[in-house]
Amino acid sequence: MGLGPYLEAVMSIYYQKSFQRSFGTFPLNGDALLGAIDAAVQVGFRAFDTAQMYGNEAATGEALAASGIGRQDLCITTKVMAENFSDARFLVSVEQSLKDLRMDHVDVLLVHWPPADGDITPSLQQLQKAQERGLTRHIGVSNYTVTMMQKAVQVLDVPIVTNQVEFHPLLDQTVLMKGANALGIPLSAYCAIARGEVFRRPLLSEIGLEYGKSAAQIALRWTLQKGVSVNVMSTRPANIAANFDIMDFTLSNVDMARIDELTRENHRIVNKSLAPFAPDFD
Ligand SMILES: NC(=O)c1ccc[n+]([C@@H]2O[C@H](COP(=O)([O-])OP(=O)(O)OC[C@H]3O[C@@H](n4cnc5c(N)ncnc54)[C@H](OP(=O)(O)O)[C@@H]3O)[C@@H](O)[C@H]2O)c1
């Protein structure tokens with residue numbers, strides 16, 4: 001495949017300004033999720049991230065239907081869980097996700113985790129089939145290592161629009177990013193504020209004072225300036241608004257480098273104790 005269609009697919013989605021900031025839905029459900037999505041829509045979020053594993057696609061669909069935002073203005077990502085990777089279950093499970101979401105397609109469909117047996121080919125082939133059937137506009141992966149990304153581009157005939165991975169100022173992802181860049185696969189960040197861990201580092205608040213922004217906003221902005229789109233979750237309207245309000249300033253190279261220093265800590269939130277099925281990350 002030439003670079004043309006590849007870039008076209010990639011540029012059409014998470015690089016669009018309105019979709020660079022995505023609202024994460026885990027672990028919310030029910031009224032908490034309805035309230036959070038309502039607040040997120042009101043401040044301007046148009047990209048939303050859910051997953052079969054979260055058990056909240058139906059509530060996400062309900063909230064988005066109630067929002068009144070036109071489908072064409074939304075970017076919806078969901079993820080197929082490994083339990084549904086078999087040929088018999090994959091597409092059926094995506095159809096169920098769409099039913100729950102009240103949509104006839106999603107914008108990005110991801111495989112949530114590499115399968116336990118390490119053989120990524122069958123689930124990638126099913127993912128491509130889902131796209132060919134029009135169930136999703138784009139496809140991507142999540143929690144893939146560099147080796148897996150390299151294999152995935154060989155297996156697939158279509159572009160991978162993202163590898164969604166843990167990414168924040170307390171984690172060194174330079175190896176992964178180098179590998180992704182070499183393949184032209186954009187990364188997107190989950191746990192973009194390290195589930196609050198970033199607040200334990202005074203540097204981010206200190207830098208925030210220079211820009212009139214909070215530590216969370218500095219962390220999110222650092223990630224965006226790395227060329228990585230962000231997924232962030234909050235239940236509080238003030239935090240939701242702050243997390244969206246990160247486009248009106250630019251961190252200097254010096255401040256980017258100061259924050260880079262924090263990554264040496266290499267603090268991974270979603271590690272093997274939380275996710276025993278995780279691969280050996282780069
Ligand atoms: N692909 C994967 O395997 C994977 C794994 C994990 C997550 N994800 C996705 O990524 C999304 C984001 O990750 P995450 O929810 O795990 O972690 P996160 O967004 O880093 O952290 C969420 C936590 O941070 C707090 N918070 C958010 N904004 C804040 C602010 N401005 N100031 C202070 N506190 C703030 C929230 O509390 P309050 O409610 O009090 O604001 C919440 O407890 C998830 O919702 C999910 O959609 C994907």
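Whatever order the structure lists them in is the order used to number ligands and atoms, beginning at 1. We number each residue from 1, following the sequence as shown.
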- Item | Pair H112 and F277, ring centroids less than 6.0 Å apart | no

- Query: Do the ring centers of F85 and W113 come within less than 6.0 Å of each other?
  - Reply: no

[X] and [Y]: side chain donor to acceptor below 3.5 Å:
{"X": "D260", "Y": "W222", "value": "yes"}
{"X": "D49", "Y": "S22", "value": "no"}
{"X": "Y54", "Y": "K79", "value": "yes"}

Hey, are [X] and [Y] close enough for a salt bridge, meaning a charged N less than 4.0 Å from a carboxylate O?
{"X": "E210", "Y": "R258", "value": "yes"}
{"X": "D107", "Y": "R71", "value": "yes"}
{"X": "D87", "Y": "K129", "value": "no"}
{"X": "E197", "Y": "R200", "value": "yes"}

Got the closest protein heavy atom to [atom], with its distance?
{"atom": "atom 24 (O) of ligand 1", "result": "I193 CD1, 3.3 Å"}
{"atom": "atom 14 (P) of ligand 1", "result": "R195 NE, 3.8 Å"}
{"atom": "atom 28 (N) of ligand 1", "result": "N243 ND2, 2.9 Å"}
{"atom": "atom 41 (O) of ligand 1", "result": "S234 OG, 2.5 Å"}

- Message: So, 4.0 Å and heavy atoms of K79: is ligand 1 close enough to count as a contact?
- Response: yes

- Query: Out of curiosity, is F199 lining ligand 1, as in a heavy atom under 4.0 Å away?
  - Reply: yes

Just going by heavy-atom distances, which of [options] is nearest to [atom]?
{"atom": "atom 3 (O) of ligand 1", "options": "L110, N56, N143", "answer": "N143"}
{"atom": "atom 42 (C) of ligand 1", "options": "M233, E197, R236", "answer": "M233"}
{"atom": "atom 46 (C) of ligand 1", "options": "F48, Y190, Y54", "answer": "Y54"}

Which is it for [X] and ligand 1 at heavy atoms under 4.0 Å: side chain, backbone, both or neither?
{"X": "T50", "value": "neither"}
{"X": "A216", "value": "side chain"}
{"X": "S214", "value": "neither"}
{"X": "S142", "value": "side chain"}

- Is atom 37 (O) of ligand 1 less than 4.0 angstrom from some protein heavy atom? no

- Note on the structure: A192 heavy atoms within 4.0 Å reach ligand 1 at atoms 20 (O)

- Task: Just jot down the ligand 1 atoms closer than 4.0 angstrom to any heavy atom of T235, in number order.
- Result: 38 (P), 39 (O), 40 (O), 41 (O)

- Query: Do any nitrogen or oxygen atoms of V270 come within less than 3.5 Å of a nitrogen or oxygen of ligand 1?
  - Reply: no

- Item | Nitrogen or oxygen of N239 less than 3.5 angstrom from that of ligand 1 | yes

- Task: Output yes when a side-chain donor or acceptor of R221 lies under 3.5 Å from a complementary backbone atom of F249, and no otherwise.
- Result: yes

